Every structure is written in C-alpha cells, then in structure tokens.
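Report on one structure; see the data block that follows.
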Amino acid sequence: NDGIQQQAVFMMKYCDECKPRVLIDPNKFSVDGTISLSDISVSPNGEFLAYSISDGGSDWRTWRVLNIDEAEETEDLIEWSKFSYAVWESDSSGFYYQKYQEPEETLSDINRSPQLFFHKLGDEQKKDKLVYEDKKNPDLSWSIHVPERGSYRILSIGEGTDERNFISISFDKSLNFIPIVDKFEAGVELKGTEVKSIRDGHVHLRDAFGIVQSGQLFMIGCDIKGYSSASHFQHEPRRMRRLLMHRKEIDLSLIHISE
C-alpha cells in the first residue's frame with residue numbers, strides 16, 4: 001500500500017529475484033472502498049487462487065476463483081458463505097466451503113444450520129455436492145482438513161465461539177464421517193511459562209488440529225504467546241504439544257489413519 005490507497009494490494013512473484021506483479025487489487029472492487037478482500041486460498045498445484053470478498057463489513061462472503069498465470073477470473077462464483085475458508089482438494093479439482101441458506105434480507109444475521117459443500121471448478125454453485133450437515137444441531141458449524149497425501153479427511157465440528165472442537169473422520173473419499181472425538185477428554189502437556197500465559201488468557205486454538213506421531217496424538221497450530229515476565233526458558237509459542245488422552249481414545253484415533 002502506497003499510503004494513499006484505501007486497501008492493500010495483493011501481489012505475487014515467481015522467485016526471490018523476480019519482479020512482483022499485482023494479482024488482486026481490492027481498490028477496484030468498488031468506488032467507495034466498501035467491498036474488501038477477506039480471505040485467499042491457493043490450490044495445491046499453484047494454478048488457482050480462491051478469494052472471498054465482503055461488502056460493507058458484512059460476515060457474508062462471496063468466493064471467486066482466479067487463474068494465477070493468466071491473471072483472469074474463472075466463471076466460478078460461490079455466494080452465501082460465512083465463517084468459512086476455501087479448503088482445496090489435494091488434486092486441485094475444487095474446494096470445500098461452508099454455506100448458509102440465503103436470507104430474506106442481504107444483511108440479515110442468520111447463523112444457523114450451515115452446510116458443508118464441495119465446489120468442483122467449472123461447475124455452477126447449484127451443482128455443488130453437499131458433504132455434511134446436521135439438522136438436529138443447527139448451531140454447529142464445520143471445517144474440513146485435507147492432507148497432502150492419503151485418502152482420509154478430517155471434519156472439525158464447533159459451536160459458536162467455543163474454541164473446542166469435536167472431530168470426525170472419513171477413511172476414504174466417500175466422505176462418510178465417523179465420530180472420533182465426540183466428547184472432550186484430552187489434556188495438553190504444557191511447560192511452565194505456557195501455564196502462566198494461559199492463565200493470562202494468551203492462547204488461541206482456532207487453527208489447532210491433531211496429528212498422529214509414534215502412536216501418540218499431538219496438537220499443532222495452538223498459539224500460546226510468550227510470557228512477558230519470563231527472563232529465561234521462554235517457550236516456543238506454536239510448538240507441537242502432546243495431547244493427554246485415554247488409551248482407548250488414542251487407539252480409536254489411530255484406526256486406519258496409518259493405512
């Protein structure tokens with residue numbers, strides 16, 4: 001941003017020595033600057049960029065897709081998405097997103113009964129595949145994790161602003177999810193300064209997820225900020241932390257993942 005523009009420009013370059021070029025300029029979205037760039041997600045093959053825009057500060061998101069090499073938008077258009085990322089399938093064929101029913105009024109605050117869809121590149125939104133919903137629990141919401149390798153998919157289920165999540169897994173691309181963690185029984189192995197930072201409220205779990213390593217479960221992405229009063233032995237804020245779970249829960253989590 002040159003200091004005059006209302007919004008920062010999104011740029012890219014092909015190498016460290018290459019000259020950067022503008023990929024997305026949010027200042028061109030609207031004359032008055034009320035439409036902003038919200039989120040971006042690059043496909044695994046590096047060919048496409050899914051990005052969402054917000055109008056007037058609304059939580060509603062409209063997703064579009066950009067062909068990176070050609071710097072041109074595709075015909076893909078996703079509407080009525082909210083509280084959602086674009087999570088690409090490993091083969092870059094499309095992405096997952098969370099959608100709500102279209103409200104009667106554009107700015108209406110309807111945050112119940114979300115649905116998880118998969119959008120295949122080139123298809124109209126009405127053809128998108130419904131992956132998951134729970135009509136009995138309308139206050140829950142979803143996000144999905146797609147590994148770089150392997151056919152399993154992990155579904156993270158949360159409620160409102162609660163940072164704790166239930167976990168379900170599909171062991172193949174059928175996307176038939178089986179609950180793994182449907183109650184909160186895990187503890188976390190912490191170091192001294194981490195305990196003090198948590199007591200001060202300096203912990204963020206939004207991007208955290210679990211992985212399996214040597215028969216144990218670990219949490220990655222949990223951000224525990226450094227303790228300001230510590231003079232020595234400061235902890236690493238985003239280090240991998242071991243989850244303390246019952247043996248039977250660990251065994252259940254390990255089923256098929258290693259296959």
Side-chain angles (χ1 to χ4, degrees), residues 1-111 114-129 131 141-146 161 204 206-207 221 223:
N1 195 319
D2 58 11
I4 300 177
Q5 299 168 309
Q6 292 181 311
Q7 301 181 55
V9 175
F10 185 77
M11 307 181 73
M12 67 157 288
K13 56 181 181 178
Y14 288 101
C15 64
D16 292 338
E17 295 76 23
C18 297
K19 183 179 179 180
R21 66 184 178 95
V22 175
L23 199 58
I24 301 177
D25 185 355
N27 299 287
K28 296 181 179 180
F29 290 164
S30 60
V31 176
D32 57 5
T34 56
I35 300 179
S36 61
L37 177 66
S38 299
D39 295 294
I40 61 169
S41 180
V42 180
S43 62
N45 62 10
E47 295 182 7
F48 298 98
L49 173 73
Y51 70 93
S52 66
I53 60 175
S54 171
D55 189 351
S58 171
D59 288 329
W60 291 110
R61 299 289 186 266
T62 298
W63 287 91
R64 299 181 182 274
V65 177
L66 188 74
N67 184 308
I68 294 177
D69 284 338
E70 298 178 3
E72 292 184 356
E73 286 188 357
T74 67
E75 296 183 356
D76 300 88
L77 176 65
I78 303 298
E79 297 181 300
W80 307 117
S81 176
K82 185 186 286 192
F83 312 130
S84 175
Y85 298 104
V87 180
W88 287 90
E89 187 49 82
S90 56
D91 61 0
S92 300
S93 60
F95 56 86
Y96 300 89
Y97 66 95
Q98 180 174 263
K99 176 184 177 296
Y100 289 81
Q101 294 296 320
E102 181 178 348
E104 294 182 2
E105 298 180 7
T106 303
L107 298 181
S108 177
D109 188 20
I110 299 177
N111 300 325
Q115 298 170 307
L116 181 67
F117 281 90
F118 176 74
H119 173 71
K120 183 179 179 180
L121 289 182
D123 283 355
E124 296 181 14
Q125 186 177 8
K126 63 182 180 181
K127 295 182 179 180
D128 289 353
K129 178 182 178 181
V131 174
S141 58
W142 340 101
S143 61
I144 191 169
H145 172 67
V146 178
T161 57
H204 299 281
R206 184 179 181 87
D207 297 326
D223 188 352

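It should be emphasised that the depicted structure is a prediction, and the values quoted were computed from it without experimental measurement. These numbers come from the heavy atoms of this one structure, side chains and all, not from hydrogens, waters or symmetry mates.
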Salt bridge (charged side-chain N to carboxylate O under 4.0 Å, His left out) against E124, all qualifying residues, sequence neighbours excluded: K126
So how far is it from E75 CD to E73 CD, rounded to the nearest 0.5 Å? 11.0 Å
Can you confirm whether the side chains of Y97 and Q115 place a donor and an acceptor under 3.5 Å from each other? no
Tell me every residue that passes side-chain hydrogen bond (donor to acceptor under 3.5 Å, both in side chains) with N67, counting only those two or more places apart in sequence or in another chain. none
Would a 4.5 Å heavy-atom cut-off, applied to side chains only, mark S54 and S36 as touching? yes
S141 and P114: which non-hydrogen atoms are nearest, and at how many Å? CA-CG, 3.9 Å
Just jot down the side-chain contact (heavy atoms from CB on, under 4.5 Å) partners of S52, sequence neighbours excluded, or say none. S38, D39, R61, W63
Would you mind listing every disulfide (SG to SG under 2.5 Å) that reaches into residues 42-94, with sequence neighbours excluded? none
Scan residues 83-97 for pairs that pass salt bridge (Lys or Arg N to Asp or Glu O under 4.0 Å), counting only residues two or more places apart or in two chains. E89-R153
At what distance, to the nearest 0.5 angstrom, does CZ of R64 lie from CD1 of I24? 11.0 Å
From CG (L37) to CD1 (I53), nearest 0.5 Å: 9.0 Å
Between OG1 of T62 and CD1 of I78, what distance do you get to the nearest 0.5 Å? 9.5 Å
Looking only at heavy atoms, which two atoms of Q98 and L116 are closest? And how far apart? N-CD1, 4.4 Å
Only distances under 3.5 Å count here; give the side-chain donor-acceptor pairs of residues 8-19 to other protein atoms, sequence neighbours excluded, each with its distance to 0.1 Å.
residue: K13; atom: NZ; partner: D16; partner atom: O; Å: 3.2
residue: Y14; atom: OH; partner: R21; partner atom: NH2; Å: 3.0
residue: Y14; atom: OH; partner: D69; partner atom: OD1; Å: 3.0

Once side-chain hydrogen bond (donor to acceptor under 3.5 Å, both in side chains) is applied, do any residues pair with S90, and if so which ones, sequence neighbours excluded? none
With ring-ring contact (aromatic ring centres under 6.0 Å, His included) as the test, pick out the partner of F95 among W88, F48, F117. W88
Please identify each residue that fulfils side-chain hydrogen bond (donor to acceptor under 3.5 Å, both in side chains) with E79, with sequence neighbours left out. none
Identify, with sequence neighbours excluded, every residue that meets salt bridge (charged side-chain N to carboxylate O under 4.0 Å, His left out) alongside K127. none
Looking at side-chain heavy atoms only, is the closest gap between V65 and L49 below 4.5 Å? no
Please enumerate all residues that pass ring-ring contact (aromatic ring centres under 6.0 Å, His included) together with F118, with sequence neighbours excluded. Y96
What residues, two or more places apart in sequence or in another chain, satisfy side-chain hydrogen bond (donor to acceptor under 3.5 Å, both in side chains) together with S43? N45
Out of curiosity, S81 OG to H119 NE2, how far, rounded to the nearest 0.5 Å? 12.0 Å
